[in-house]
Structure formats: C-alpha cells, structure tokens
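Below you'll find the structure, written out as structure tokens, and then a few comments.
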Amino acid sequence: MAPPPDMRILVLANQKGGVGKTTTAINLGTALAAIGERVLLVDLDPQGNASTGLGVDRRNRAASTYDVMMGEEGFKDVLLPSGVPGLAIAPSTLDLLGVELEIATQKDRAVRLKNAFANFHAQQQKLEPGERFTYALIDCPPSLNLLTMNAMTAADSVLVPLQCEFFALEGLSQLLATVDQVRATLNPRLTIHGIVLTMFDSRNSLASQVVADVRGFLGEKVYETVIPRNIRITEAPSHGKPVLLYDLKCAGSQAYLKLASEVIRRERLYRAA
Ligand code: ADP
Ligand code: MG
C-alpha cells in the first residue's frame, strides 16, 4: 500500500480584516474533519478569534502559538481538542503581538513556523497513519507581517478569502506579490490553492457583478463555491461553535461543506500533477 500523503498545510491569508479568514478557517476545518480528515487549526492571529470561536477559553491558553514561534513548545504541546471530533486547535494569545519585535534580529525569524512543523512532522511519523493529522489550516492576522510570512514559508498553499464587495480586488495584487516573493526566496513550493468569495448577498445587486469581475480577473483559481452572507455564521462564534455544529442545515454550513469537497478535489488534482 502506498504511504499516506503527508499533512498538507494551507494558509488563510488576506491583509484586509473582516473578509472571512477566521470564519473560513473554523468552518472549512470543521467541514474537512466531518468528511474524515484530521485537521489542526493553527491560530496565528494575536486576536485569537479562531480559538474563541472554537470555544477555547482564554484561561486554557497556557501554551499557545506564541510559545511555538519562540521555539519553546512544539505544536504537540500546545494543541487542544475542539468540540469537533477530528479538529484540534493550537490557540493564540495576545503575546503573539510581541513576537515580531522579539525575533526581528534573529536569522531564523521567517522560518520559525516551518521548523515547528518539521518537528511536528517527525513526531507524527511515529504514530499510526490513521492517527496523523492530514491538514493544517493557519489563520493569519490581517497584515502581511512576519507572522503571515512565517505561515507562507511553512505552507504548501495559500487560500485567499475575498469579500464580495465593491473593493474586493483592492489589495489583492499586493497579496499575490507577497506570495511570489515568498516563493522566490523562502518557499519555492508555495502555490495559490484558490480564492474563496465570502459574504455574498444575493439582495445586493452589486454582489453578482463583483463575483463576475473576480472570476473574470482570476479565472479558475476562484472556487465555484461562494459563501453566502448568513446570519447563522455571524451568531455561531458567540456560542463557541463552528456554524456546522450550530446549525448544520443553514446555507452557510452547506456552503462550507461544499467548499471542503472542492478543496479536496483540487488537492487530488494538485497532487496528481
Ligand atoms: P477575518 O478573519 O478576515 O478578519 P472574520 O472571519 O472574523 O474575518 O469575519 C468578520 C466578521 O464577519 C465576523 O463577525 C464574522 O462572524 C462575520 N462573517 C464572516 N463570514 C460571514 C458570512 N458568510 N455571513 C455573515 N457573517 C460573516
Ligand atoms: Mg481573523
């Protein structure tokens, strides 16, 4: 039998805030876990919204991605179970805000996360294949800072949430240039996995035009699945739950399930290539 493929590392990045990075990290992670993947969500945003949204109380974040970035703990030591079977979270705290300054002069400042994943990978190899993580999703801060650079350096592929609004494409060229830059220097295998359009409001006549424009500009890189604006998605984090657990039948949950199967389909294509 062929050995199982290694854990795939996807990073959710967009330097704009409020576009759906964290919501997509939580719910894509949950949807992937629901279809049998074993997922590690890495919260790399000092705000810690992914941790909070999965119900991890701040008091339970004694060890966090801060310690991982500082080289003091491994992922194995900081990850916590979430309420979702098959989904674990490496939580973040506000300490992460200080990391950039603390490691600014270190030679390995951009490869801290990559090294942590390498160690984690080595530990995972000792486990039975069925116990190993198959995906890591990294939730980034709304900035192209050193944390995001670390994520892109560690990752296989970038997934870009783009909000369906008039200025959707604004700033995208800067993001794509950063991906190119990381690929040219620190991580030659980095690819763009896809662009996911979020918060689509069918009552807004502009929204369909935005979708058409983005597809016209970015072509097949845009996932077919469009995430609708959905009140249940907004409500779920305050219950410390992914929307898939909060209301499986709602349009938002169904869209994230669809996105997960599309991500897996693309994975097969990319791996076969
Ligand atoms: P980011 O991580 O990019 O800053 P978030 O995922 O935190 O963005 O989303 C910003 C806000 O929009 C949050 O309050 C979130 O609950 C809400 N939100 C995200 N996606 C949707 C959606 N599809 N429908 C309704 N609200 C959404
Ligand atoms: Mg966020």
Side-chain angles (χ1 to χ4, degrees), residues 10-31 41-56 58 61 64-65 82 89-94 96-97 137-145 147-148 150-152 158-165 167-172 174-175 178 193-204 206-208 210-211 214 222-260 262:
L10 307 183
V11 47
L12 285 292
N14 188 330
Q15 74 273 29
K16 276 198 208 177
V19 298
K21 287 182 290 299
T22 300
T23 303
T24 301
I26 291 176
N27 293 299
L28 177 60
T30 302
L41 203 172
V42 177
D43 191 349
L44 209 60
D45 185 345
Q47 293 298 326
N49 292 339
S51 311
T52 310
L54 280 175
V56 180
R58 288 207 177 265
R61 301 181 204 173
S64 70
T65 51
S82 73
I89 172 135
S92 87
T93 64
L94 286 169
L96 260 189
L97 279 173
L137 301 180
I138 310 175
D139 186 28
C140 285
S143 160
L144 297 173
N145 62 9
L147 291 169
T148 300
N150 263 272
M152 288 187 182
V158 184
L159 208 150
V160 182
L162 215 61
Q163 189 181 342
C164 295
E165 54 166 359
F167 292 113
L169 289 168
E170 198 181 73
L172 189 67
Q174 200 190 351
L175 176 61
T178 304
H193 202 280
I195 318 284
V196 56
L197 288 161
T198 64
M199 296 184 235
F200 177 77
D201 185 352
S202 57
R203 291 163 306 176
N204 179 342
L206 246 183
S208 300
V210 170
V211 173
V214 172
V222 185
Y223 299 105
E224 273 168 45
T225 310
V226 175
I227 310 296
R229 185 175 282 284
N230 182 246
I231 184 73
R232 308 301 267 171
I233 290 181
T234 325
E235 291 167 357
S238 64
H239 297 265
K241 280 183 186 173
V243 73
L244 279 125
L245 254 61
Y246 179 63
D247 183 355
L248 178 63
K249 292 221 166 74
C250 77
S253 295
Q254 294 302 309
Y256 274 111
L257 281 170
K258 212 171 137 223
L259 180 66
E262 211 179 322

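This one's a predicted model, so the numbers in the text were calculated from it and none came from an experiment. Atoms within a ligand are numbered from 1 in the order they appear, just like the ligands themselves.
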Side chain to side chain contact (heavy atoms under 4.5 Å, CB included) between Leu259 and Thr24, worked out: CA-CA 10 Å; Leu259 180 66; Thr24 301; 4.2 Å; yes

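- Atoms of ligand 1 lying under 4.0 Å from any heavy atom of Gly17, numbered from 1 in the order shown and given with element: 4 (O).
- Inclusion of Asp139 in the set of residues having an N or O under 3.5 Å from an N or O of ligand 1 is not warranted.
- Heavy atoms of Thr198 stay at 4.0 angstrom or farther from ligand 1.
- For Thr23, every N, O or S atom stays at 2.8 Å or more from the Mg ion (ligand 2).
- For the side-chain contact (heavy atoms from CB on, under 4.5 Å) with Val211, the qualifying choice from Leu206, Leu197, Leu162, Val222 is Leu197, the only one to do so.
- The shortest N/O to N/O separation between Lys16 and ligand 1 does not fall below 3.5 Å.
- For atom 27 (C) of ligand 1, the nearest protein heavy atom (residue, atom name, distance) is Ile233 CG2, 3.8 Å.
- In this structure, atom 22 (C) of ligand 1 has a protein heavy-atom contact shorter than 4.0 Å.
- In terms of polar-atom proximity, Thr234 is counted as a contact of ligand 1, with an N or O under 3.5 Å from an N or O of the ligand.
- In this structure, Leu96 CG and Thr65 OG1 are separated by 4.0 Å, a value rounded to the nearest 0.5 Å.
- In this structure, Glu165 CD and Asp201 CG are separated by 12.5 Å, a value rounded to the nearest 0.5 Å.
- Summarising the geometry, atom CG belonging to Leu175 is positioned 5.0 Å from atom CE belonging to Met152; distances are rounded to the nearest 0.5 Å.
- Taken to the nearest 0.5 Å, the OG1 atom of Thr22 stands 11.5 Å off from the CG atom of Leu137.
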Ile227/Thr23 under side chain to side chain contact (heavy atoms under 4.5 Å, CB included): CA gap, chis, key distance, verdict: CA-CA 10 Å; Ile227 310 296; Thr23 303; over 6 Å; no

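- For the 3.5 Å distance criterion, the side chains of Arg58 and Ser64 fail to qualify, holding no donor opposite an acceptor.
- When only non-hydrogen protein atoms are considered, atom 7 (O) of ligand 1 lies nearest to Thr22 CB, 3.9 Å.
- Taking only nitrogen or oxygen atoms, main chain and side chain alike, Asn230 reaches within less than 3.5 Å of ligand 1.
- Backbone and side-chain nitrogen or oxygen atoms of Pro228 are examined, and one is located within less than 3.5 angstrom of a nitrogen or oxygen of ligand 1.
- For ligand 1, the polar-atom distance check against Val19 finds a nitrogen or oxygen pair separated by under 3.5 Å.
- Some N or O of Lys21 is nearer than 3.5 Å to an N or O of ligand 1, by distance alone.
- Given atom 10 (C) of ligand 1, the protein heavy atom at minimum distance is Gly18 CA, 3.7 Å.
- Put simply, atom 25 (C) of ligand 1 has protein non-hydrogen atoms near it, under 4.0 Å away.
- Shortest contact from atom 5 (P) of ligand 1 to any protein heavy atom: Thr23 OG1, 3.6 Å.
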Intermediate values then yes/no, side chain to side chain contact (heavy atoms under 4.5 Å, CB included), Val11 and Cys140: CA-CA 7 Å; Val11 47; Cys140 285; 3.4 Å; yes

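- Looking only at atom types and distance, the side chain of Thr225 has no donor-acceptor partner in the side chain of Tyr256 under 3.5 Å away.
- The distance from the NZ atom of Lys21 to the CG atom of Leu12 is 8.5 Å, given to the nearest 0.5 Å.
- The ligand atoms of ligand 1 that sit less than 4.0 angstrom from a heavy atom of Ile227 are 23 (N).
- Under the 4.0 Å distance rule, the nearest protein heavy atom to atom 14 (O) of ligand 1 falls outside the cut-off.
- The closest protein non-hydrogen atom to atom 12 (O) of ligand 1 is Met199 CE, 4.0 Å.
- With rounding to the nearest 0.5 angstrom, the CG atom of Leu54 is 4.5 Å from the CD1 atom of Ile26.
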Residues Thr148, Gln15; criterion side chain to side chain contact (heavy atoms under 4.5 Å, CB included); working and verdict: CA-CA 9 Å; Thr148 300; Gln15 74 273 29; over 6 Å; no

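- Proximity of Gly20 to ligand 1 is established by a heavy-atom distance of less than 4.0 Å.
- Distances between N or O atoms of Ile231 and those of ligand 1 include no value under 3.5 Å.
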